[in-house]
Amino acid sequence: MSTATAPASAPAARKPATMAQALRQALHDALADDASVHVLGEDVGTLGGVFRITDGLTKEFGPDRVTDTPLAEAGILGTAVGMAMYGLRPVVEMQFDAFAYPAIEQLISHVARMRNRTRGAMPLPITIRIPYGGGIGGVEHHSDSSEAYYLHTPGLHVVTPATVADAYGLLRASIASDDPVVFLEPKRLYWSKADWSADAPQGVPPLGRAVVRRAGRSATLITYGPSLPVCLEAAEAGRQEGWDLEVVDLRSLVPFDDETVCDSVRRTGRAVVVHESSGFGGAGAEIAARITERCFHHLAAPVLRVAGFDIPYPPPMLERYHLPGVDRVLDAVARLQWEAN
Amino acid sequence: MSVKSTAARSSRGGAKRRGGAGRKPELVQLLTPEGERVEHSEYSIDLTPEELRGLYRDMVFTRRFDGEAVTLQRQGELGLWASLLGQEAAQIGSGRATRPDDYVFPTYREHGVAWTRGVDPLNLLGMFRGVNNGGWDPNLNNFHLYTIVIGSQALHATGYAMGVAKDGADSAVIAYFGDGASSQGDVAEAFTFAAVYNAPVVFFCQNNQWAISEPTERQTRVPIYQRAAGFGFPGVRVDGNDVLAVLAVTRAALEHARSGEGPMLVEAFTYRMGAHTTSDDATRYRLDEETEEWAAKDPIARLKAYLANEGLADETFFAEVEAESDALAKRVREGVRAMPNPEPMAIFDNIYADGHALVDEERAQFAAYQASFEGSEEGAAR
């Protein structure tokens, strides 16, 4: 995928790397830099994780630092809470989006609230990595986009990379954060490639800063995670229609970067939010509301959403109809009341 | 031993009891309800008269401020209170078994354990008055905030113990929960994790016979302590109204954990003499005869009888403890009434480590909104 317009310091010895490799490198470097970092999850040890994100880490750092857990997600996160209370910095892997739901009670009632209810005495620096989203032909319960559940919970950060470089940088920043972070990994981008150097990775971006991936003047596509490549492709295709589309990659849903989003929309006057998860009550609803509240007089058209339908995730053979694609994005752009100009 | 086994009440629970539950489970006891010292083959205790009097004092003080809290709730000074009445021995005995470097994960009813950890009762009452979500620093006394969600803290305790084990430290962790929580998945998962990682954690279940309105039969078909065997670690049932037995068994369990032997489950067989909370009405689901039967096994009365019979304490001592407990109750009562209301702006504190744009924005908006009432009649009322 292209990250051509992302700010980069062009380190030496860049070569093609996958997002999976960058994530692995981030875990590796965090483990090497900080003895309090512990990785735990199902199959993260000898196997290296079902997506191989922890490949070789238990061999290098030992099973005490990179630990296979029993198959119990509430148990994984609940014990991570206790470990963090003890002073460790757990990085938890949930095997798939929908397999993380048993842990939601621990997440909402304990992880998100602990700093607040202990009045700062007990922060929980836990990173919860969750592969999410569809497009890989996964069987049922392997393709959910669960971000709305998390972003609605005060006390959590919700972060999702869309590029190889960000996979490394945002994961390092998440692990370094003294707050709990839900780190959503777009699983269909695990094998996306970019020129990137593990030896001199791009700087660690602060959490909560969006980035303009493609500059444009006609309208703004606001997206994150797995939908970024779709939006960049749509922007290219949109040139044939005479549209010069700007693409904003949010990178982090919480904290939310109102500034970058609104700067863009005020310039273009039109906005479409694109994400895989169901539209109703989703991230796009919040984003559209925030844009409307802040940029109303700059808007030439209502903010539109292109999202997954409000249905349970369909069978793999039908998922391409459910997921926002280039055509649906451009169809939404076409409905941005251009005739008013 | 006249403790009625859970099997005796099986008809009301509905489930026909089978297997190991049919016979009366072993119950470790060192002090009978009549106040007689008895020996147990596995667990023993040898306390000085001073220590014995200390346990009595702890239990009386705890019962006194607990009762004061119920009164304060009835007077509208607290929103809610979960009384520990009847469970003083289970809490004081187990709490006094812990060392300062051990870590304690309580439920919302562990007022006696809090007392043994040096947490001021006023801090406990502050939470139920509604001024905060837990008014003490958990790291100050190694006593975590009360966990209201049932059973979650068993996992936190296990994770903490896994951290202890990673460090090779020789401290232990104790997780409190009740008979109702024993049905929670979190508790079962805590048992699993503690067992496979050999974590130095003691699971201390106060089986007080009732989970609000549901008897223990609705939670389990076997005595709770026997569940430990299925997870691969020892379980023991102790007379939860016998402070000496609870102290002895919990000490042994903590030592078991500290010495690298892994987790242990202690089921303290006791009784919730009061309602679930001040919002509950226990007369709707249980019979007076049962409560009276348990009143005859009162934890404080039996230690008092022992102290008096053995000449370890005299009337002067008992009168002193009574007077001191009244003074404590007075301090608690006055302290609660004098508790300042929290500042409204404080709701925005400690959400995230650093500034968070959304919270900061809402804080500023709310401050401006509040300020707009200054000088007005509404402002005076706010």
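Residue numbers start from 1 in every chain, and the chains themselves are labelled A, B, ... in the order their sequence lines are given, proteins ahead of strands. Being a predicted model, the structure only gives us computed values, none of them experimental.
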Which residue out of [options] racks up the most heavy-atom pairs below 4.5 Å with chain B?
options                       : answer
A:N116, A:L77, A:D178, A:D258 : A:N116
A:V81, A:V254, A:D257, A:D179 : A:D179
A:M83, A:R65, A:R113          : A:M83
A:P90, A:G155, A:S177         : A:G155

So for [X], is it side chain, backbone, both, or neither that comes closer than 4.5 Å to the heavy atoms of chain B?
X      : value
A:H157 : both
A:T118 : both
A:A80  : neither
A:E259 : neither
A:P123 : neither
A:M122 : side chain
A:L156 : backbone

Self-check item: Presence of salt bridge, A:R119 and B:D137, under 4.0 angstrom
Solution: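 No, no charged N to carboxylate O under 4.0 Å.
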Self-check item: Pair A:E293 + A:R290, salt bridge at N-O below 4.0 Å
Solution: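 No salt bridge links A:E293 with A:R290.
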Exercise. Can you tell which part of B:I351 gets under 4.5 Å to a heavy atom of chain A, answering side chain, backbone, both or neither?
Key: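 Backbone plus side chain of B:I351, per the 4.5 Å heavy-atom cut-off to chain A.
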Quiz prompt | Part of B:V164 lying under 4.5 Å from any heavy atom of chain A | solution =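 Both backbone and side chain of B:V164 come within 4.5 Å of chain A.
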If you count heavy-atom pairs under 4.5 Å with chain A, which of [options] comes out on top?
options                        : value
B:L145, B:N132, B:N139         : B:L145
B:H144, B:M162, B:Q153         : B:H144
B:W136, B:Y160, B:Y103         : B:Y160
B:V359, B:V149, B:V196         : B:V149
B:D186, B:T192, B:L358, B:T158 : B:D186

Taking the six-membered ring for Trp and the single ring otherwise, decide whether the centroids of [X] and [Y] are under 6.0 Å apart.
X      : Y      : answer
B:F105 : B:F177 : no
A:H38  : A:F61  : no
B:F143 : B:W115 : no
A:Y149 : A:Y101 : yes

Quiz prompt | Side-chain donor or acceptor of A:D97 paired with backbone N/O of A:S146 under 3.5 Å | solution =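 Answer holds: no.
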Exercise. Return yes if a side-chain donor-acceptor contact under 3.5 Å exists between B:S183 and B:Q219, otherwise no.
Key: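 Yes.
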Quiz item: Taking atom types as modelled, is there a side-chain donor on B:R99 or B:S171 under 3.5 Å from an acceptor on the other?
Solution: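 Their side chains do not contain a donor-acceptor pair, so the 3.5 Å distance test is not met.
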Quiz item: Just how far is it from atom CG of A:L184 to atom CG of A:L151, taken to the nearest 0.5 Å?
Solution: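 Spacing of CG (A:L184) from CG (A:L151) equals 9.5 Å.
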Quiz item: Is it true that atom OH of B:Y197 has more than 12 heavy atoms of other residues, nucleotides or ligands lying nearer than 6.0 Å?
Solution: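 Atom OH in B:Y197 is packed in, count exceeds 12.
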